[in-house]
Every structure is written in C-alpha cells, then in structure tokens.
Amino acid sequence: MAPPLFTKAELEAYPPPVVVETATADLVLSLVTAEIRSVVGGERYDALTDVSALKGIALALGRRMIDHPGGRRSTSRQIDDYQETDTFAVESLAPAELTDGEVERIRRAVGLDPAGAFTIRPAAPRVPCPVPARRWC
C-alpha cells in the first residue's frame, strides 16, 4: 500500500494557508488519492513506496477542491468606503478533476510515459461560427 499523498498539515500550509477540518481533509485526501490511482492504475499505485513526485500535484488538486468558486455562500458589497466580502462554504467541495498537464506529469512520474515522448490527442470539435460570413471560428 502506498503512503498517503499528503497530510492535513501540508494541505493547510499549501499557499495560501487555510484552516481545514479533519473530516474535510480526510475526504479530500481520499478523493485525490482515488483520482490519481485511477490514472496510475490500482496495482501500480499500491506498489509505490515513494509518492514524493506526486505530492505537489495532489496538494494542488486538493486546494482546488477546497477553494472553488462554486462554493460561494454569500457576497456583500458596500459602495461608500468600498467594502467587499465573499463568504465561502467549506463543507462543499469542487470535483476532483486533474488537468491534462497534471495527468501527463503523473504518468511521467510513475514511468508510464517515457521522457521526451509526446501524445497526439484528438482536437476539440469544430464549432460553427455565429458570424454568417464565416463558416468556422
């Protein structure tokens, strides 16, 4: 079994520092671990003895889950003397979704993609342009 990707203290200290409840930190750790494990593969992930190459990616994903804009609970604005306040709900998390770059870094870190290799991915579907004179944007 691989060691944990990060601790509660590391998640709280990741910039910018924030206080996270223990239950929330445990949930974030389990969701991040499951996402990275799905990229690496269960047997390969369980065989890892050193996860230091994955720690930065895991912490970045964990903080994105905690600091997501969809968790905004309330917003208040004041015109005179300009005051602005946003309150976020800590108990709601963003989904654990890795970026394409993070997936590539994970695959390279565990030896699934050799250094210097590249991957050809299908391009996004073409979107018709709303301007009548142009066929594609």
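No hydrogens, no waters, no symmetry mates; every other heavy atom, side chains included, goes into these values.
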Would a 4.5 Å heavy-atom cut-off, applied to side chains only, mark [X] and [Y] as touching?
X: F6; Y: V51; answer: no
X: M65; Y: L31; answer: yes
X: L11; Y: T7; answer: no
X: L59; Y: R63; answer: no
X: L93; Y: T24; answer: yes

What heavy-atom pair brings [X] and [Y] nearest, and what distance separates the two atoms?
X: L29; Y: P4; result: CD2-CB, 4.3 Å
X: L48; Y: P3; result: O-CD, 3.8 Å
X: G62; Y: V28; result: CA-CG1, 3.6 Å
X: V20; Y: A25; result: CG1-N, 3.7 Å

>> Closer than 4.0 angstrom, basic N to acidic O: yes or no for R64 and E102?
In response: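 Counted as a salt bridge, because a side-chain N and a carboxylate O are separated by less than 4.0 Å.
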
> Under 3.5 Å, side chain of E12 to main-chain N/O of A9, donor-acceptor pair present?
Replying inline: no

>> Given 3.5 Å as the limit, does a donor-acceptor pair link the side chain of K8 with the main chain of D26, or not?
In response: no

> Between atom CD1 of I57 and atom CD1 of I36, what is the distance when rounded to the nearest 0.5 Å?
Replying inline: 6.5 Å

> Under the criterion side-chain contact (heavy atoms from CB on, under 4.5 Å), which of E35, R105, E104 is the partner of L98?
Replying inline: E35

> So among V39, T33, I106, V110, which one has a side-chain contact (heavy atoms from CB on, under 4.5 Å) with Y45?
Replying inline: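 One option only clears the test, and that one is T33.
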
>> Suppose the criterion is salt bridge (Lys or Arg N to Asp or Glu O under 4.0 Å): which pairs have a residue in residues 44-54, not counting sequence neighbours?
In response: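 Every pair satisfying salt bridge (Lys or Arg N to Asp or Glu O under 4.0 Å) with a residue in residues 44-54: R37-D46.
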
